[in-house]
2 protein chains.
Amino acid sequence: MARTPRKPAPISAVAELAGVSVSTVSRVMNRNATVDPEIASRVRKAAVTLNYAPNPLARSLVLGKTTTVAILVPDLANPTFQSMMRGVSRAAAKDGYRILVADSGEIASEESILAIEMRRRCDAIVLCAPRMAEDLLADLLPALAPAVLINRDNAGTRTPVLTADYEAGVRPLAEHLYGLGHRRMAFLQGNPESASNAARLRGLAQFSATHPDTELTTIECGTAFESGHEAAAEIAGSGYTGILAFNDLVAMGLLSGLAELGVRVPEDISVTGFDDIPLARYTTPPLTTASVPVVELGEQAWLRLHALLREETPAFDVNYRPRLEVRGSTGPVASRR
Amino acid sequence: MARTPRKPAPISAVAELAGVSVSTVSRVMNRNATVDPEIASRVRKAAVTLNYAPNPLARSLVLGKTTTVAILVPDLANPTFQSMMRGVSRAAAKDGYRILVADSGEIASEESILAIEMRRRCDAIVLCAPRMAEDLLADLLPALAPAVLINRDNAGTRTPVLTADYEAGVRPLAEHLYGLGHRRMAFLQGNPESASNAARLRGLAQFSATHPDTELTTIECGTAFESGHEAAAEIAGSGYTGILAFNDLVAMGLLSGLAELGVRVPEDISVTGFDDIPLARYTTPPLTTASVPVVELGEQAWLRLHALLREETPAFDVNYRPRLEVRGSTGPVASRR
DNA sequence: ATGAAAGCGCTAACAG
DNA sequence: CTGTTAGCGCTTTCAT
């Protein structure tokens, strides 16, 4: 009844059934050497009968390649990393590669061990925004090659890097608010330890330097909905009219919190996000944000890896400049009165 | 300088350096047989020097186990599947297992091949809401065992199954709208082929049967933001006062579309979602929905798999009854005037 | 307690 | 064109 036998047959069973040696079976399965057509078809028939398919493990061991790529992300629940994974996954699939995923749970100390362990089961690895310290990363990377980094500097190694330019990306957001008349702004900061938070701060510092007439305060917040939601009360009574949230998640939390407090967006307060996650255009009001091509970051990561695996020179590192996406959550500052 | 050599040393190198046989090295690495403490420490020292770690591939081949679980999802971009993955991933990690992920891109015909191929690299597999036909699934499953299914019936096999009860879950949503006075409702249907869509329709049919005074129409829609967003125009002028969206994504798209059209929620129209994705409580207004414990579904899936892997009897199949989560997107029907 | 040898399933020289 | 042999890196009898 069941057309598929429970246990997969080994190559030796096929050889036996076809009355040939295993090498011959191997040859017809891999169509490299030339095999007598008559024998070949006999082998193929036997293979079908036994529902044979080569054991990928054994193949990997002898070939020294697994056609699998490892991806390490800090948090599987974060839409940004999901999109990166998806980008890598779909691109790699086109070349016949699968992905092995691990989630470090944002725990920096877990990353090295996880990365090394995964890497040994795969041909290459992509590290998404690793949290570990610079020096650790620096001497981990050589052991991981071929590897590529997303949203993290390569610490002086030759590892290809794909990043979003948070520093450059945050300025148009601030400029946009400025252009709408906002002079009292606040930045809801994420994890102060994180590189991308630091980049945003640098970008904002540049903005401040060129706009001395504008107050721009940094407020501790976080990186998730909850953080933004909790910040709403403080923001509501603060007098700030333009809020730069760390990312879209925080912005959405804030939007929701402000709505509950009866604060109107953008009439009373303008809010911006960062990343342009798929939901951003469907919030109420739709979120003004800086769009980061995360899926493309993932795809490009795979391209670099694939080049490396074929001993080719990978394409240049690129730093994607986020694009300002003006939507409904920002508007002219309310005329005081 | 680099503490980690580029290429991992094989066990033979360690044996040589320690002046023992590979078997001895293997023994100390696996601490099973008893080894002379003096020799053992010598081996360990050599292992550290060479930065040795057993090759997981070779180990898997001989041991016949990989400590890896496969997960097949229809779409990596869907928050529901992401949460399931996360549940499986975190639970499996506690037992030292990694996950191999594949995304079928919602293509039913891809699923069998992908599943079989992944399964051979892993010790077990979890199938999330496979789209393939019942009979295909039925004769695929034996070849995949140990396996567990999430949100899909096991087609008569003994495969453990974890599901959310969409049929039972949709009724409280309709009842809730009914209680608020709504008598003209519409269901924004997802993929008509999908099992969970059919389940919702059954639940709603039961509702209709017991509430003959209520009009409940099914409208073709889809499963993503865009679908809900596009449906807004049709809904706005329809006279329906209570809308049951296929899921939270569609509901959010609808919310956003209605807001753009100046339709107030819940004053003019009430909207419900389904799933209770993390964002659902942060929409404006927060979404009334049926909460499905997706992360737990994933965790429980791992528990079943783990039992199977240890030749134990897995826990019973469970069908999670979604919980009604009343929030701001539903309200009393507007008094007709 | 330790080493030699067999073998997991497969591929790739090397002969014939 | 095909079979024999070696070996990928490791674990596990089986002797010693």
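We name chains A, B, ... by the order of the sequence lines, and we start the count at 1 in each one.
- Within the structure, the ring-ring contact (aromatic ring centres under 6.0 Å, His included) test picks out no pair touching residues 55-87 of chain B (sequence neighbours left out).
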Verdict with reasoning, A/Asp75 to B/Arg86, per side chain to side chain contact (heavy atoms under 4.5 Å, CB included): CA-CA 9 Å; A/Asp75 180 12; B/Arg86 190 160 180 251; 3.6 Å; yes
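- Within residues 54-64 of chain A, the residues approaching DNA chain C are A/Pro54, A/Asn55, A/Ala58, A/Arg59, A/Val62, A/Leu63, by heavy-atom distance under 4.0 Å.
- When side chains are defined from C-beta on, A/Val25 counts as touching A/Met29, because their heavy atoms get closer than 4.5 Å.
- Chain B approaches DNA chain D within less than 4.0 angstrom (heavy atoms of the protein), and the contacting nucleotides run 5' to 3' from D/dG9 to D/dT12.
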Less than 3.5 Å apart, which donor and acceptor atoms pair up between the side chains of residues 143-157 of chain B and the rest of the protein, not counting sequence neighbours?
| unit_1 | atom_1 | unit_2 | atom_2 | d |
| --- | --- | --- | --- | --- |
| B/Asn151 | OD1 | B/Ala164 | N | 2.9 |
| B/Asn151 | ND2 | B/Tyr166 | OH | 2.9 |
| B/Arg152 | NH1 | B/Pro130 | O | 2.6 |
| B/Arg152 | NH1 | B/Met132 | O | 2.8 |
| B/Arg152 | NH2 | B/Met132 | O | 2.8 |
| B/Asp153 | OD2 | B/Ala155 | N | 3.2 |
| B/Asn154 | OD1 | B/Gly156 | N | 3.3 |
| B/Asn154 | ND2 | B/Thr157 | O | 2.7 |
| B/Asn154 | ND2 | B/Thr159 | O | 2.9 |
| B/Thr157 | OG1 | B/Asn154 | O | 2.8 |
| B/Thr157 | OG1 | B/Thr159 | N | 3.4 |
| B/Thr157 | OG1 | B/Thr159 | OG1 | 2.8 |

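- Of the two residues contacting DNA chain C, namely B/Val20 and B/Arg120, the nearest-nucleotide position lying further toward the 5' end is that of B/Val20.
- Listed by first then second residue, pairs satisfying salt bridge (charged side-chain N to carboxylate O under 4.0 Å, His left out) with a partner in residues 11-22 of chain A number zero, not counting sequence neighbours.
- For B/Ser12, the side-chain contact (heavy atoms from CB on, under 4.5 Å) test picks out B/Pro10, B/Val22, with sequence neighbours left out.
- Panel note: side chain A/Thr68, backbone A/Thr66; a donor-acceptor pair is recorded below 3.5 Å.
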Would you give me the side-chain donor-acceptor pairs under 3.5 Å for residues 38-48 of chain B, sequence neighbours excluded?
| unit_1 | atom_1 | unit_2 | atom_2 | d |
| --- | --- | --- | --- | --- |
| B/Ser41 | OG | B/Glu38 | O | 3.1 |
| B/Arg42 | NH1 | B/Ala18 | O | 2.7 |

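- For residues 96-105 of chain B, every residue pair satisfying the side-chain hydrogen bond (donor to acceptor under 3.5 Å, both in side chains) rule, not counting sequence neighbours, is listed here: A/Arg90-B/Asp103, A/Glu117-B/Arg98.
- Under a 3.5 Å cut-off, the side chain of B/Gln82 and the backbone N or O of A/Gln82 do not form any donor-acceptor pair.
- In this structure a side-chain-to-backbone donor-acceptor pair under 3.5 Å is missing from A/Arg59 to A/Val62.
- Look at A/Arg131 and A/Glu106 and you find a salt bridge, because one of the NZ, NE, NH1 or NH2 atoms lies within 4.0 Å of a carboxylate O, short of that distance.
- Comparing the local axis fitted to the first five base pairs of the helix from C/dA1-D/dT16 to C/dG16-D/dC1 with the one fitted to its last five gives a bend of 50°, rounded to 10°.
- Applying a 4.0 Å cut-off to non-hydrogen atoms, the residues of residues 36-43 of chain A that approach DNA chain D are A/Asp36, A/Ile39, listed by residue number.
- Take A/Ala93 and apply the side-chain contact (heavy atoms from CB on, under 4.5 Å) test, not counting sequence neighbours, and it matches no residue.
- A salt bridge does not link B/Arg304 with B/Asp317: none of the charged nitrogens is closer than 4.0 Å to a carboxylate oxygen.
- Residue A/Met118 forms a side-chain contact (heavy atoms from CB on, under 4.5 Å) with just one option from A/Leu100, A/Ile113, A/Val69, A/Ile71, and that option is A/Leu100.
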Nucleotide N/O of nucleotides 4-6 of chain C paired with protein N/O under 3.5 Å:
| unit_1 | atom_1 | unit_2 | atom_2 | d |
| --- | --- | --- | --- | --- |
| C/dA4 | N7 | B/Ser23 | OG | 3.4 |
| C/dA4 | N6 | B/Ser23 | OG | 3.0 |

